[in-house]
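Please read all numbers here as calculations on a predicted model, not as lab measurements.
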Amino acid sequence: MESLHSLTTRLRYKHLLMLSTLGKRRNLHQTAASMYMSQPAATRMLSEIERIFGCQLFERTPRGMQPTGLGDMLIEFADNALARLDRCAEEMHRYQLGGRGQLTVGAIMGAAPDLVAQSIIEMKRLRPLLQIRLMGETSDQLIELLEQGKVDIAIARYATSIQHNQFDFEPLGNENMITVVRSEHPLTHGSPPPLKELLETWPWILQPISTPARQVMEKELEIEGLVSPKDIIECGSIFAALQLVQKSDALLMMAESVLADYLAAGLIKKLPLILGRTLPPFGLLTRKDTYYGEPVTGFCDILRRNAAQWR
């Protein structure tokens with residue numbers, strides 16, 4: 001394989017686009033068409049990329065062009081590099097039109113929604129022309145977006161313990177998990193039965209198994225010697241989960257801060273159950289060894305200050 005200097009001088013934007021497109025389509029003819037080039041030209045370009053790296057990156061199979069192990073690694077690199085180039089181009093375009101940059105924030109909306117919203121409002125007061133994007137997803141989805149460079153920062157939890165090698169984490173706070181049902185649910189009359197019976201006889205709306213909140217619940221059930229609910233609706237959307245719990249007999253476990261307005265309006269009621277006690281704190285996640293300038297650092301300062309007051 002060539003030296004790092006040779007790679008950086010010979011690897012071009014079209015090479016990255018070829019790797020990314022072929023990685024998605026797994027078909028050289030379709031890749032060539034999408035890049036507005038002939039198939040022989042695409043074949044030559046792929047051969048050139050493989051010469052640069054000194055190894056085979058794709059194999060021809062009956063199922064199309066399948067990446068090798070190194071091919072998969074370079075496809076991921078190309079996807080990340082192109083995403084960041086697109087972000088840079090968009091920010092430059094906005095600046096030329098009179099804007100003042102872009103900030104993309106990913107947040108689990110269960111993590112103190114008022115904290116995130118207030119911080120964004122303050123940031124817009126300071127920089128009215130700054131374009132801010134807020135992406136609300138689950139922790140595992142946000143970490144993937146952060147790794148790909150599609151969000152600048154994430155307000156989330158580690159989804160797996162090994163992720164501390166990739167990201168820096170700064171705790172901001174924690175949330176109280178509660179279990180709720182619709183306001184006229186039969187369980188709201190009198191004392192609810194034991195947790196074991198609730199798990200066996202009632203439907204539950206739960207977050208995906210890859211999320212920290214769901215993993216904590218499963219761990220606590222394991223410690224108590226209980227099995228997971230038999231009747232489950234798995235839902236990663238807070239809005240959808242709130243609609244489902246109001247229109248069914250299902251039980252929903254979620255952060256109290258997210259449910260506060262619905263509880264106050266009498267649309268749902270809290271059950272006297274204790275689940276989610278060991279949920280780890282949420283916090284500010286950033287990529288390791290990455291330089292962050294304005295507006296990211298300014299927003300992080302606002303977030304830290306508001307988190308200290310919120311706590």
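In this structure, the side chains of V296 and T286 stay at 4.5 Å or more apart for every pair of heavy atoms. Taking 4.5 Å as the limit, every side-chain heavy atom of Q163 sits out of range of all side-chain heavy atoms of E147. Considering only heavy atoms from C-beta on, L199 stays 4.5 Å or farther from V227 through its side chain. Between V105 and D152 there is no side-chain heavy-atom pair separated by less than 4.5 Å. Taking the side chain as every heavy atom from C-beta outward, Q56 and L70 never approach each other to under 4.5 Å. Contact of the F299 side chain with the L284 side chain is not registered, since no non-hydrogen atoms from C-beta on lie closer than 4.5 Å. In this structure, E256 and E175 have side chains that are not in contact, with every pair of non-hydrogen atoms separated by 4.5 Å or more. Side-chain contact between M217 and M177 is absent, with no heavy-atom pair separated by less than 4.5 Å.
Atom CD of E50 sits about 7.5 Å away from atom SG of C55, to the nearest 0.5 Å. Expressed to the nearest 0.5 Å, how far CG of L130 lies from CD of E294 amounts to 9.0 Å. Remark: Q66 CD to R26 CZ distance equals 5.0 Å, nearest 0.5 Å. Between L226 atom CG and E197 atom CD the span is 12.5 Å, to the nearest 0.5 Å. Put simply, CZ on R84 and CD on Q148 are 10.0 Å apart, with the number rounded to the nearest 0.5 Å. Atom CG of L19 is separated from atom CG of D79 by 9.0 Å, given to the nearest 0.5 angstrom.
Annotation for A250 and V181: closest pair O-CG1, 3.8 Å, computed over non-hydrogen atoms. Closest non-hydrogen pair, G236 versus T138, comes out as O-CG2, 4.0 Å. The two residues P295 and Q102 come nearest to each other via the heavy atoms CG-O, 3.9 Å. Taking each heavy atom of Q30 and N27 in turn, the nearest pair found is N-OD1, 2.8 Å. Counting all heavy atoms, side chain and backbone alike, P280 lies closest to R157 at O-NE, 2.6 Å. Closest approach of L244 and I205 over heavy atoms only: CB-CD1, 3.6 Å.
Side chain of N174 to backbone of L279: a donor-acceptor contact under 3.5 angstrom is found. No side-chain donor-acceptor contact under 3.5 Å links E137 to the backbone of I108. Judged by distance alone, the side chain of T188 and the main-chain N or O of E184 form no donor-acceptor pair under 3.5 Å. No donor-acceptor pair closer than 3.5 Å links the side chain of R214 to the backbone N or O of P208. Side chain of S20 to main chain of A78: no donor-acceptor pair is present (N/O by atom type, distance under 3.5 Å, no hydrogens or angles). Between the side chain of T290 and the main chain of K288, a donor-acceptor pair closer than 3.5 Å is present. A donor-acceptor contact shorter than 3.5 Å links the side chain of Y158 to the backbone of F167.
Note on M65: it clusters hydrophobically with M37, by side-chain heavy-atom contacts below 4.5 Å among ILVMFWY residues. Residues L242 and W204 do not share a hydrophobic cluster, clusters being chains of Ile/Leu/Val/Met/Phe/Trp/Tyr side chains in contact below 4.5 Å. Following chains of ILVMFWY side-chain contacts shorter than 4.5 Å, one can reach L303 starting from L142, so the two form part of one hydrophobic cluster. Tracing side-chain contacts under 4.5 Å through hydrophobic residues (I, L, V, M, F, W, Y), one never reaches M253 starting from L259; they form parts of separate clusters. Note: the hydrophobic cluster containing I238 does not contain V216 (ILVMFWY, side chain heavy atoms under 4.5 Å, direct or indirect links).
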Step-by-step side chain to side chain contact (heavy atoms under 4.5 Å, CB included) determination, Q141 to M135: CA-CA 10 Å; Q141 293 169 327; M135 301 176 68; over 6 Å; no
Side chain to side chain contact (heavy atoms under 4.5 Å, CB included) between K150 and T104, worked out: CA-CA 8 Å; K150 294 181 179 178; T104 304; over 6 Å; no
Evaluation steps, side chain to side chain contact (heavy atoms under 4.5 Å, CB included), between L275 and L195: CA-CA 10 Å; L275 279 173; L195 178 58; 4.2 Å; yes
Verdict with supporting geometry, L252 and I268, side chain to side chain contact (heavy atoms under 4.5 Å, CB included): CA-CA 10 Å; L252 169 67; I268 54 176; over 6 Å; no
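In summary, the side chains of S228 and E218 do present a donor paired with an acceptor at a separation below 3.5 Å, with no hydrogens or angles considered.
Open room surrounds NZ on K247; 12 or fewer heavy atoms of other groups in view lie less than 6.0 Å from it. Within 6.0 Å of OH in Y292 there are more than 12 heavy atoms belonging to other residues, nucleotides or ligands. Surrounding NZ of K124 are more than 12 heavy atoms belonging to other residues, nucleotides or ligands, all under 6.0 Å away. Applying the 6.0 Å contact sphere to CD1 of I274 captures no more than 12 heavy atoms from other residues, nucleotides or ligands.
Between H185 and W202, the ring planes lie tilted relative to each other; the angle falls in the 30° to 60° range.
With salt bridges taken as basic N to acidic carboxylate O contacts below 4.0 Å, one links R12 and E48.
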